[in-house]
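Counting from 1, the numbers follow the sequence of the chain as shown. Heavy-atom basis, side chains included; hydrogens, waters and symmetry copies ignored. First listed ligand is number 1; within each ligand, the first listed atom is number 1.
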Amino acid sequence: MRLSRYFLPVLKEDPKEAQIVSHRLMLRAGMIKQQTAGIYSWLPLGFKVLRRVEQIVHEEQQRAGHIPLLMPTLQSADLWRESGRYDDYGEEMLRIQDRHKRDLLYGPTNEEMITDIFRSHVNSYKDLPLTLYHVQWKFRDEIRPRFGVMRGREFLMKDGYNFDLTKEDALHAYNRHLVSYLRTYERMGLQAIPMRADGGPIGGDYTHEFLVLAETGESEVFYDSQITDLTFGDRQINYDSVEQCQAVLEEFTSRYARTDETHDEAVFAEVPEERRRTARGIEVGQIFYFGTKYSEPMGATVVGPDGQRVPVHMGSHGIGVSRLLGAIIEANHDDRGIVWPEGVTPFHVGIVNLKQGDNSTDSACDAIYAELQARGLDPLYDDRDDRAGAKFATMDLIGLPWRITVGPRGLAANKVELTNRRTGATEEMSPKEAIARLE
Ligand SMILES: Nc1ncnc2c1ncn2[C@@H]1O[C@H](COS(=O)(=O)NC(=O)[C@@H](N)CS)[C@@H](O)[C@H]1O
């Protein structure tokens with residue numbers, strides 16, 4: 001993309017309403033614009049990252065054998081009356097009436113709706129196991145939306161739902177989600193630690209939250225420092241293997257790690273003192289097992305192998321897709337701006353022309369730009385007629401992992417500069433070498 005033809009409304013000043021760094025940088029980098037409390041427009045740069053985060057979520061859900069669909073944002077109140085949650089859900093539910101005075105709501109989550117889809121079409125245990133998921137906007141009328149997209153009112157969530165014949169099968173689905181989440185977050189450059197949590201309005205008594213340690217996190221967490229040594233890496237897992245998925249759950253819950261909701265001082269005291277940590281964390285996902293909480297009242301049953309009709313065992317599993325952009329920035333920034341992990345960066349490399357209008361640098365930049373695109377990379381070419389300092393500041397702010405700087409002097413010796421945003425390391429090399437380094 002040529003910057004002269006893009007839409008990147010960066011801000012010069014720190015917006016006063018931003019209290020945490022990710023909110024400040026998302027506004028300054030022209031990624032979002034608040035339309036009203038907790039509701040944002042996703043401007044081109046932010047939207048590009050949001051789509052890349054979503055793409056990783058889709059890839060890892062489908063690797064685990066989970067099937068994508070798309071449910072609407074608006075839901076009928078009747079479904080929620082069946083499960084008994086219409087009144088229980090409280091003030092956070094945005095309730096709407098249509099022209100025929102029918103009660104609708106903007107969905108905060110989709111357990112009832114997915115259960116309705118299931119019960120309408122599935123009748124036999126032979127159709128199980130089944131996990132359906134979607135990535136869809138949710139609305140929760142938070143009393144105090146804050147921290148930008150971290151705690152919004154309209155936000156993007158991946159929510160997946162498993163349907164199984166037995167509790168054991170449902171707990172395997174739970175573990176399958178844990179594995180897919182560990183891989184998902186690592187691909188975004190995050191370490192998200194699974195911690196025992198409380199079921200809340202979703203329900204059930206067995207749930208883990210995934211938390212990214214950050215001093216601006218809203219959750220208070222207690223953990224054994226050894227838990228941060230665990231990484232999933234690119235190990236291969238057979239998602240259909242109950243043993244392999246159970247082994248990952250045991251490995252990643254083998255050390256004490258809990259949110260304040262389930263923290264137990266007595267158990268924590270058994271952790272050697274030098275390893276006990278208290279910190280704050282950003283909740284970027286949560287997985288739940290809640291048995292027949294929805295299938296029972298809504299009549300989602302299957303005929304089992306013994307010919308008996310039984311309610312299915314379920315769980316629901318969410319990832320905060322839009323919240324993740326905030327979490328990634330909290331964990332990846334410095335005093336000059338964002339430092340995107342390569343897995344989610346909006347553009348792979350920035351090209352800075354130090355002398356726009358100079359034939360040699362212009363044609364060199366055009367050639368580099370075209371060659372990068374020909375090799376499937378996605379460059380952002382700052383072809384504006386602006387000072388070098390301003391161009392460097394913009395590239396540092398928006399946090400692209402690499403920058404190629406093209407100036408008349410360097411070019412005379414067939415040299416350009418390749419700079420790594422994270423380390424600040426700059427090397428001189430030919431344009432050809434710089435392009436080869438980026439592949
Ligand atoms: N107000 C919010 N703004 C941004 N992200 C949010 C907000 N509320 C929740 N999330 C994200 O959405 C994830 C899932 O939300 S949840 O309530 O824990 N779980 C559910 O809604 C279940 N139905 C999972 S399918 C959370 O872990 C969090 O990362």
Side-chain angles (χ1 to χ4, degrees), residues 20 22-23 26 32 34 37-40 42 50 53-54 57 61 66 68-69 71 73 75 80 83 85 89-94 106-115 131-163 170 173-174 177-178 180-181 184-185 188 190 192-204 206-212 214 217-219 221 259 261 281-290 293-294 314-328 330:
I20 61 172
S22 58
H23 187 197
M26 287 182 82
I32 54 173
Q34 179 171 310
I39 299 178
Y40 291 86
W42 290 81
L50 187 68
V53 167
E54 185 182 338
V57 169
Q61 286 309 303
H66 304 157
L69 50 70
M71 291 176 271
T73 53
Q75 305 186 22
W80 289 67
S83 68
R85 278 208 298 182
Y89 209 89
E91 299 288 296
E92 279 194 2
M93 179 179 280
L94 183 65
Y106 187 150
T109 182
N110 284 61
E111 278 80 4
E112 285 79 0
M113 187 175 281
I114 195 72
T115 302
T131 293
L132 299 169
Y133 81 92
H134 70 159
V135 179
Q136 179 56 289
W137 293 94
K138 302 289 188 293
F139 195 92
R140 293 181 186 177
D141 205 354
E142 301 279 350
I143 191 159
R144 263 192 66 226
R146 59 187 176 283
F147 302 162
V149 300
M150 205 76 91
R151 180 162 293 281
R153 291 198 293 166
E154 185 174 53
F155 59 96
L156 192 59
M157 185 200 292
K158 182 285 297 179
D159 40 315
Y161 305 87
N162 65 283
F163 301 90
Y174 187 95
H177 281 87
L178 178 127
S180 69
Y181 281 30
T184 299
Y185 297 126
M188 300 175 186
L190 291 176
I193 302 167
M195 299 193 182
R196 277 305 295 270
D198 174 57
I202 302 296
Y206 183 53
T207 177
H208 282 83
E209 283 179 6
F210 290 76
L211 290 117
V212 173
E218 291 187 299
S219 307
V221 297
T259 63
E261 297 160 336
I282 303 168
E283 178 206 322
V284 291
Q286 186 161 4
I287 56 179
F288 297 79
Y289 165 72
F290 43 65
K293 172 178 160 91
Y294 299 92
M314 291 174 63
S316 68
H317 317 278
I319 290 179
V321 174
S322 52
R323 175 178 284 183
L324 271 166
L325 274 79
I328 291 168
E330 291 294 326

Item to check | Ile282 side, atom CD1; Ser22 side, atom OG - distance, nearest 0.5 Å | outcome: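 These two atoms lie 6.5 Å from each other.
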Check ligand 1 against [X] and write out every atom of the ligand that is under 4.0 Å from a heavy-atom position of the residue.
{"X": "Asp159", "answer": "25 (S)"}
{"X": "Glu142", "answer": "1 (N)"}
{"X": "Gly285", "answer": "27 (O), 29 (O)"}
{"X": "Phe288", "answer": "19 (N)"}
{"X": "Val284", "answer": "27 (O), 29 (O)"}

Nearest to [atom], what protein heavy atom do you find, and at what distance?
{"atom": "atom 23 (N) of ligand 1", "result": "Thr109 OG1, 2.5 Å"}
{"atom": "atom 17 (O) of ligand 1", "result": "Arg140 NH1, 2.9 Å"}
{"atom": "atom 24 (C) of ligand 1", "result": "Gly318 N, 3.3 Å"}
{"atom": "atom 27 (O) of ligand 1", "result": "Glu283 OE2, 2.4 Å"}
{"atom": "atom 8 (N) of ligand 1", "result": "Phe155 CZ, 3.5 Å"}
{"atom": "atom 14 (C) of ligand 1", "result": "Met157 CE, 3.7 Å"}
{"atom": "atom 4 (C) of ligand 1", "result": "Met150 O, 3.4 Å"}

Specify side chain, backbone, both or neither for [X], according to which of its non-hydrogen atoms lie closer than 4.0 Å to ligand 1.
{"X": "Phe210", "answer": "neither"}
{"X": "Glu111", "answer": "side chain"}
{"X": "Val149", "answer": "backbone"}

Given [options], which has its nearest heavy atom closest to [atom]?
{"atom": "atom 1 (N) of ligand 1", "options": "Ser316, Gly320, Gly152, Ser322", "answer": "Gly152"}
{"atom": "atom 28 (C) of ligand 1", "options": "Arg323, Arg151, His134, Glu154", "answer": "Arg323"}
{"atom": "atom 18 (O) of ligand 1", "options": "Lys138, Gln286, His317", "answer": "Gln286"}

Checklist entry - Is the His23 ring parallel, tilted or perpendicular to the Tyr40 ring (thresholds 30°, 60°)? => result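 The arrangement is perpendicular - the two ring planes meet at more than 60°.
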Item to check | Smallest separation among heavy atoms of Tyr181 and Gln61, with atom names | outcome: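 Smallest interatomic distance, heavy atoms only, reads CE1-NE2, 3.7 Å.
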Next on the checklist: So which atom in Pro108 and which in Met157 form the shortest heavy-atom distance, rounded to 0.1 Å?
Outcome noted: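 Looks like O-CE, 4.1 Å.
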Look at the side chain of [X] and the backbone N and O of [Y], then say whether any donor-acceptor pair between them is shorter than 3.5 Å.
{"X": "Tyr185", "Y": "Val284", "value": "yes"}
{"X": "Glu54", "Y": "Ser322", "value": "no"}
{"X": "Lys138", "Y": "Tyr106", "value": "no"}

Checklist entry - When you look at Arg151 and Glu283, which way does the salt bridge (charged side-chain N to carboxylate O under 4.0 Å, His left out) test go after all the steps? => result CA-CA 10 Å; Arg151 180 162 293 281; Glu283 178 206 322; 5.9 Å; no
Checklist entry - Under 6.0 Å between the ring centres of Tyr206 and Tyr174? => result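 Yes, ring centres under 6.0 Å apart.
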Checklist entry - If you draw a 6.0 Å radius around CD1 in Ile143, do more than 12 non-hydrogen atoms from other residues or ligands fall strictly inside? => result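 No, not enclosed.
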Checklist entry - When you check the gap from the basic side-chain N to the acidic O, do Glu112 and Arg85 get nearer than 4.0 Å? => result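 Result for this pair is yes, salt bridge flagged.
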